[in-house]
Amino acid sequence: MRVRNWLFGHFRDVARSFGFEEFDAPVLESEELYVRKAGEEITTQLYNFEDKGARRVALRPELTPSFARLIMQQGKSLALPAKWFAVGQCWRYERMTRGRRREHYQWNMDIVGVEGVEAEAELLAAITDFFTRLGITSADVGIKVSSRKVLQAVLRRFDVPDDSFAPVCVVVDKIEKLPREKVVEELAALGVKEAAIDGILDAMAMRSIDQLESLLGADADAVSDLKLLFSHAEAYGYRDWLVFDASVVRGLSYYTGVVFEGFDRAGELRAICGGGRYDKLLGALGGEDRPMVGFGFGDAVIMELVKDKGLLPESLKSGNVDDLVYPMNAALRPAAMGIAARLRAAGRSVDLVIEDGKKPKWAFKHAERCGASRVVLIGEKEWEQGVVRVKDLATREETDVKPEDLC
Ligand SMILES: OCc1cccc(Br)n1
């Protein structure tokens with residue numbers, strides 16, 4: 001919990017520094033919120049079941065559909081742009097033999113109502129700020145950026161029907177994970193013709209926006225969007241984190257524009273985070289479309305990176321109590337309770353020793369365990385003189401202090 005609170009504390013500090021409002025949503029939702037036909041892994045692993053009221057329900061595998069549902073419920077009253085964040089537990093049903101977790105926590109930040117890539121630029125700034133707070137640099141981690149409009153333009157060139165777009169994206173997302181022939185096989189199974197498959201794979205191999213421009217032309221949306229986004233990145237100062245990579249399409253079917261994913265440059269870990277623009281999700285859920293952009297940032301891969309790089313603060317090895325209050329005998333316990341109450345009222349975090357028979361040696365050992373900066377000993381002689389003995393654990397200094405001067 002110390003590690004989780006440290007990590008989530010950074011999630012929340014970044015969200016606050018970007019002026020985002022926190023939301024929450026039920027971990028249990030109607031199954032239909034996640035039923036999508038594009039063959040995404042996240043829907044094939046749905047943790048779903050029938051409840052005692054014969055309702056088809058599911059533990060949420062992601063936060064975005066719940067977010068979209070809440071935005072729809074706000075209707076016209078929602079002031080735009082809306083900038084919301086959440087840190088929520090998400091579930092999937094996996095065979096445990098794969099040794100992967102069935103639950104994780106995910107930080108989400110989403111912006112509703114901004115058509116331009118300025119929304120994506122803000123979210124990428126939040127992600128790079130978060131990494132920086134942890135001590136992770138652009139030498140450790142990069143963010144691959146592209147746009148699904150690249151694939152959309154290529155599919156249109158080869159007359160691939162629009163309703164194949166989402167399933168094709170789900171297959172193309174596996175390009176780095178599957179052998180080429182498997183990707184070709186899955187695209188063919190979607191009815192994509194051989195020439196189109198070659199065109200798709202050639203386009204996905206592009207690694208520069210100049211290449212992209214020569215393929216699609218300077219006035220293509222994908223080109224102008226990405227050029228503007230990279231120039232915004234210069235303005236924020238995080239340009240060196242970004243890498244254009246046309247093969248990035250992300251595995252969620254609802255993305256429609258810019259997409260991005262954080263990766264470790266050593267190439268040892270799965271994607272650290274990911275997100276993108278999804279302008280048609282509200283329509284797909286029965287509402288009125290609004291421009292939306294967001295990302296999800298799970299707590300598992302980032303913790304592998306933090307541990308690999310030794311970035312966990314030493315302070316997490318102990319608790320974060322300020323004072324250990326220790327009566328030297330049971331008769332002095334009421335005095336100790338009064339001292340503890342006074343310190344707590346002043347905002348100090350106090351661990352009061354409430355068991356009899358604890359020796360001073362135990363008290364000092366316990367003080368170290370709970371990270372106390374002071375031990376406040378209530379001794380018979382001192383208490384009769386109206387003082388308590390305070391030991392500063394950093395300087396090892398001991399002083400007698402009147403209760404009213406303790407803080
Ligand atoms: O990243 C996909 C995902 C969804 C739910 C639970 C876990 Br663990 N992982």
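We count ligands from 1, going down the list as the structure has it; atoms in each ligand are counted the same way. Just the heavy atoms: all of them, side chains too, but no hydrogens, waters or symmetry mates, feed the values below. As the structure is a prediction and not an experimental result, all values here were calculated from the model.
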Return the closest protein heavy atom for [atom] as residue, atom name and distance.
atom                    : result
atom 8 (Br) of ligand 1 : Arg101 O, 3.3 Å
atom 1 (O) of ligand 1  : His104 CE1, 3.6 Å
atom 2 (C) of ligand 1  : Arg92 NH1, 3.8 Å

- Can you measure from CG (Asn108) to OG1 (Thr64) and round to the nearest 0.5 angstrom?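 OG1 of Thr64 is found 5.0 Å from CG of Asn108.
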
- Check: Phe297 ring centroid to Phe131 ring centroid under 6.0 Å: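 Yes; Phe131 has its ring centre under 6.0 Å from that of Phe297.
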
- Is there a donor-acceptor pair closer than 3.5 Å between any side-chain N or O of Arg333 and the backbone N or O of Pro327?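 Absent.
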
- Query: Taking the six-membered ring of Phe18 as reference, does the NZ or CZ atom of Lys83 fall below 6.0 Å from its centre and within a 45° cone about the axis?
  - Reply: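 The answer is no; the distance or angle limit is not met.
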
- Query: Would you say Ile354 has more than 12 foreign heavy atoms packed within less than 6.0 Å of its CD1?
  - Reply: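 Not buried by this count: 12 neighbours or fewer within 6.0 Å.
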
- Query: Side chain or backbone of Arg100 under 4.0 Å from ligand 1, or both, or neither, by non-hydrogen atoms?
  - Reply: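 For Arg100, no heavy atom sits under 4.0 Å from ligand 1.
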
- Query: Which of the numbered atoms in ligand 1 are below 4.0 angstrom from a heavy atom of Pro61?
  - Reply: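 Counting atoms of ligand 1 from 1, those under 4.0 Å from Pro61 are 4 (C), 5 (C).
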
- Taking only heavy atoms of Glu103 into account, list the atoms of ligand 1 that are under 4.0 Å away from them.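 Listed by number with element: 8 (Br).
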
